[in-house]
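Here's the structure, in C-alpha cells; my notes come after.
For clarity, every value in this text was computed on a predicted model and none was experimentally measured.
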Amino acid sequence: MEADGRAQEHRDIAARVRMRRSVSSSSSLSSSSSSSLLLFLLPQLVLLLLLLTHVHAHDGPSHEDWLLFSDETGLEGDTDSYPTKEPTVYRPRFLPSLPVRASIHAIECDRRIVSSENGQAEGEFEAPEILNPEGHSRQCIYTFVAGQGEKVQLQFTRFTLRGTPPDGTTLGVTPMCSHEYLDIYTELKDPSTVDLLNTPFGGRYCGGISPRLRVSLYTTVVISFYTDLFNTTSDLFVGSYKFINDSKYMVGDLDPDTLCGYTINSDTKKNGQFMTLTYPGAYPKNISCYYKFVGRREQRIRLEFRDFDLFYGGPHCPFDQVKMFDGLRRISPLIGTYCGQQRNLVIFSTGSTLLLTFNTLERIADTQNRGFQGIFNFSESYVKLDFINVQDSEHIRGTECDQRILSKKESNGTVYSPNYPFPYLPNIVCRYFIYGLQDAQNLERVRLLFFDRFDIPAEPKGDKNCSDGYLRIYLKGQEMENAYDSPDFEVCGKTLPQTVVSAGPRLVMVFSSGKYQGGRFKAHYKFETEYKIPGTPSPDGKCIFTYYSSSRKEGIFNSPRHPANYPSNTTCEFTFQANPDEQVRLAFNQFELSSKKNNLTYGNHCQADWVEIYNVYRPIGSDVERERLNGRYCGLAAPGPIESEREAVGLRVVLRTDHENVYSGFEAKYQFKTKEMLFRDCGGNITDEEYGIIHSPHWPNKYDGPDPDREGGALSCTWFIHVRAYHKILLWLQSFSVEGNPEERGCPAAVVRVWPDLDKVPIELCGEGLSDDASIIISKSSLMRVAFLTADKAVGAKGFEGIWTEIQDSPKCEQFLCSKNNFCISKNLLCNGVPNCGVGDLSDEDNCVKDPVVNVLMLVGVGLGISSVLLIVVCIWCHRKHVKRREDGALPHHVHVCERGARFASVDSGDRSLSPVLGARQAHHLSRTSLRTETVV
C-alpha cells in the first residue's frame, strides 16, 4: 500500500508542477483568459467536492489508504469498473487530504483484477478511454492478481497502439514507442507491494505487433499503459485474462530455497510432463532451473520434447540454453547443449539418472520465446546396451541404442542386433554409425559383410518392401542431411544381404524391429584406405592398381584423392597390361607435385615427391618382370606423351610422396592401341651416313593435331641413327618450336625425346626455342635414338629441324677439327653447305671456293636474247640490201629469198605488169619456178 501511495504522490507532484507553470503563465493573460480558466476549473471543483463527500459517507478503510477495498455493494453504479462481476475489481481514489490543485490532471484509469474463490476464472480487458486535449502524460496501471495455487495468463487479441516498435527502421529519427506504449511485468513476487521500479522488466510494446501470451512467474501480472496523445479509445488494445492452476508446473518435489529446482523420483511419479515455469508464455530472463530424474537401478529415462523454443544465440548456445547430463551432477557426462528451436528431440539416459538444467541470461534484447514442454518416462523395457561391443564401439549418449564406430586405421570388427544373441524386441529403432578416417593424411571407406545369420521377418503376407521390420543401409552420407528416407539398400527376410562398400568414409545402418518378434543378425565391417582412384586396389588394400586391356581400352587414372591433395608418405603404383599386339599410350592432363627446387622439375633433381614412368618387360613363358625407367617428374613439369616400347608388355607409373608438403597430384589418360609400323608418321633407321637432317612432319610447315580418321590419332615418329665404330653422334636442334613450357607446365601435349644412351633415361624437350647448351646433344656411343610424340589434345606448332653429324671419338683428330666447338668431323663434310660443327661454329664452311652456280633459267633467258638479236640483225641486213638494189636499178632475173618464209620478194623487171600487182597465185608460181632454176643466196 505504501508503494501505491508513493506512486499517487508522484502523480500529484507532477500535477502541481504543471499547475504552477499554468499559474505563472496566466499572470500575463488578459482578463478574458482568466475568465476562461475559472470556467474550466469550476466543474472540476464541483466534481472533487462530490467525490470527497462520497468518501466520507462510505464505511471503509482510513483516508491513508489510496485503494478502496470495495465489495459488491460498493461497486454498484460505478461506471468505471471493469465489466465483469468476478473476480473483484479495485479502482484508485484520490487522497482527500491532497491539495485541490494537485488533482486537476489526474484521471481514474487504473484497474486491479483479483481472483476470487467463487468468481469467474477468466475475462476480458480493454484500453481506457481518455480525453486529453492538453496532451498531458497519462499512465494507467492494470494489475491482475491470482489466488493461491494459481497463475495469471494474459493474451492480447487486439493491439493497435500508435507509434513505431523498436525494429530498427526508425533508428536515429525519433525515439521508438515515445508517445504511446504498454509495459509488461510478469515477475512480481508480492502483489501487495507493486514496486515496478525493482521488478524485472518484461518488455515495452507499441505499434501493431502485440505482445505474445504471458504467464506470471508468481501470482501477479501488471501492464502499464502510457500516452500523451489527445485521446484514446478502448479498441487500442483488447485482451483476455485467465487464472490457471499452477499444479502442472510442479513437476516433482521442489528443493528448498530454489525457485525451480525439482527432483522427480520414479517411485513417486513414473511418467508425466515437465515445462518451463511460464510455458506457454514467454519465459523470464536471468533464471536458473534444474530437473533431476531419479529412477530405479534397472530403469532408463526417456525425455520427449513436444515443444522447444529458446532464444538462439549461436551454434554453441552461449545465452539461453538447456543442458542435459547423463547423471545427477553437472560434472556427469554431457549429453548435449540445446537452444533455438528443436524438433523431434528425444533423450534417453544411459543409466537410471538424468539431470536437465535451464539457464537464461539477463540481457537487453526483448525476446518472447516460449521455453519448452515435454513428457518423461521411467521404464525397464528400454533396450539394454550390453549388445554393444565396448572395445570397438561406443553408445551415443542421449539415444536409446545408437552406437558409433570409429576407425583405428584400417581396423575391423562386428556389429550385432539389439539383445544379441537372443531375439530382438519389437518397436525399437537403433542406428549404427560406422565412420572411417578422413583427414589430410587419411581417407578410408567401409566394407560391410553379412554372415552367420540374418533374420528380420518381413510382413507375413510376403511383402517384399520390408513394410514392417527392416535394415536400411546408407553409403553416401545421407545422415548428414537427415535424408533417412533415401537408403541405398533396404533388406529384410532371411537371405544374407550382399557385401556393400561405402562411397566415402561413412556407412550408416538403421535397424527398425517393427511390430513383430524378430530374430537376429550380425555383420562384419572393415575399414579400407580410400584412394578415390578409378579401378580396384590390390586385395591387401595397398595403393596398387592394375588396368587390363581386356577390361577396358581407355580411361582415366589419377593420384590419390585428386583434385584434393594427395596424402604424405604414400607410394602408389599404376600398371597397364597390354595384349601382345598392343601398346599403351599415356597423356597427362593435370600435374602438380611438391618440388624442393622449383626450377629443376625433371630427372634426378626431384627429391621430394615425384612420379616415375617405367616400361615393363616380361620374357615369354616367364613371370619375372624387368623395368626400364623412362623418366622422373615433379613440380609442374608434366610428363610428355609416352608409348610403351614395342617389345614391352606395358607401362608402370609410380607415385612417391614424402612427409612434407602435399599438392593436388595428377590426372592422366591411358589408351591401349594396336601396334603399328615403327616409322608410321616419320622417322627411320639411318646408317652408313656421315651426317643427315631430321625434322617433324610437314616441315617447314606446322605439324598437325591428331587425325580423327587414324587409329591412335596422335603423331609418333622415331629415328635410329647408327654411325661407325669409335664415333659418336652430334645432334644440333637448330630450329625448335614444340607445344609446351618446361618451367610452367611441362610437355603434356607434345614432346621430343632424345636418348644419348639407350640404357639411360631420355632427355625431354618442348617449348619455343632452345638454349645453345640444350640444342647440342652428343651420344654416348655410336647409336642415338630420337622420338617425337603428340597427345590427342595437341593443336600443332611449327615443329623442329635438327642436323646430326658423325664425330670422331678420339683425342687425336685425323680429319677436320672444328675451330670453336672442337668436334672432329669428316673432311668430306667440308664446304658441303651444312654447318656440321654445331651451334655458333661455321669453320667447316669457311674459306670455301664456290663453284659457279649454273642457273638454267638464266641460260634460257640469255639464249633467247641472243637469238632475238641475231634475227633482228639478219632482218635489217636483208632490208638494207634490198633497198640498195632498188636504188641501183639493177634487178636480177631471179627471186632472192632472204630467209625461209620471208614475206619480201622481187621478179624480173621485163614483165612489170606482174609486179607489184601480180596476183597471189602467179607470184607463188614464179617464186617456185625461180627457186627451182636459181641458187638461193
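- Side chain to side chain, His722 and Asp688 fail the donor-acceptor criterion of an N or O pair below 3.5 Å.
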field: From CA spacing to verdict: salt bridge (charged side-chain N to carboxylate O under 4.0 Å, His left out), Asp488, Lys476
entry: CA-CA 8 Å; Asp488 294 289; Lys476 303 173 184 176; 3.7 Å; yes

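- Between the side chains of Asn836 and Thr805, at least one donor N or O lies within less than 3.5 Å of an accepting N or O.
- Defined by atom type and a distance below 3.5 Å, a donor-acceptor pair is missing between the side-chain atoms of Thr674 and Glu582.
- Of the N and O atoms on the side chains of Glu444 and Ser407, at least one donor lies less than 3.5 Å from an acceptor on the other residue.
- With no hydrogens or angles considered, a side-chain donor-acceptor pair links Gln734 and Glu801 at under 3.5 Å.
- Between atom CG of residue Asp704 and atom NZ of residue Lys702 there is a gap of 8.5 Å, rounded to the nearest 0.5 Å.
- Of the residues listed (Phe576, Tyr531, Phe545), the one engaging Phe557 in a ring pair (Phe, Tyr, Trp, His ring centres under 6.0 Å) is Phe576, and it is the only one.
- Phe666 and Tyr633 have their aromatic ring centers separated by at least 6.0 angstrom.
- Judged by distance alone, the side chains of Tyr614 and Glu612 do bring a donor and an acceptor atom under 3.5 Å apart.
- The closest side-chain donor-acceptor pair between Thr529 and Glu410 falls under 3.5 angstrom.
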task: Apply salt bridge (charged side-chain N to carboxylate O under 4.0 Å, His left out) to Glu530 and Arg561, showing your working.
output: CA-CA 8 Å; Glu530 172 59 87; Arg561 307 185 197 174; over 6 Å; no

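- Checked against the 6.0 Å centroid threshold, Tyr566 and Tyr663 do not count as a close aromatic pair.
- Note: Phe800 and Phe788 meet the aromatic proximity criterion, with ring centroids under 6.0 Å apart.
- In summary, the side chains of Asp773 and Ser771 do not present any donor paired with an acceptor at a separation below 3.5 Å, with no hydrogens or angles considered.
- Of all the heavy atoms in Tyr703 and Glu739, the pair that sits closest is OH-OE2, 3.0 Å.
- Summarising the geometry of Ala749 relative to Pro641, their closest heavy-atom pair is O-CG, 3.8 Å, with the distance given to 0.1 Å.
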query: Would Cys824 and Cys818 satisfy disulfide (SG to SG under 2.5 Å), going step by step from the backbone distance to the final call?
result: CA-CA 6 Å; Cys824 185; Cys818 299; over 6 Å; no

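- Scanning both residues, Phe451 and Ala523, for their nearest heavy atoms gives CE2-C, 4.0 Å.
- Nearest heavy-atom pair across Ile825 and Ile807 is CG2-CG2, 3.9 Å.
- Side-chain contact check for Gln478 and Ser486: no donor-acceptor pair (N or O, by modelled atom type) lies under 3.5 Å.
- One side chain, His562 or Gln590, offers a donor N or O that lies under 3.5 Å from an acceptor on the other.
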field: Stepwise salt bridge (charged side-chain N to carboxylate O under 4.0 Å, His left out) test for Lys673 and Glu554
entry: CA-CA 9 Å; Lys673 68 183 190 69; Glu554 62 180 42; over 6 Å; no

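- Counting only N and O atoms by type, the side chains of Ser737 and Glu768 include a donor and acceptor under 3.5 Å apart.
- For His727 (side chain) and Ala725 (main-chain N/O), a donor-acceptor pair under 3.5 Å exists by modelled atom type.
- Using a 3.5 Å distance cut-off with no hydrogens or angles, the side chains of Ser502 and Arg445 do not pair a donor with an acceptor.
- Between Tyr525 and Phe527, the distance from one ring center to the other falls under 6.0 angstrom.
- Formation of a donor-acceptor pair under 3.5 Å by the Thr790 side chain with backbone atoms of Leu715 is found in this model.
- Under the 3.5 Å distance criterion, with hydrogens and angles disregarded, no donor-acceptor pair is assigned to the side chains of Asn589 and Lys669.
- Counted by atom type alone, Asn569 and Gln441 present zero donor-acceptor pairs between their side chains at under 3.5 Å.
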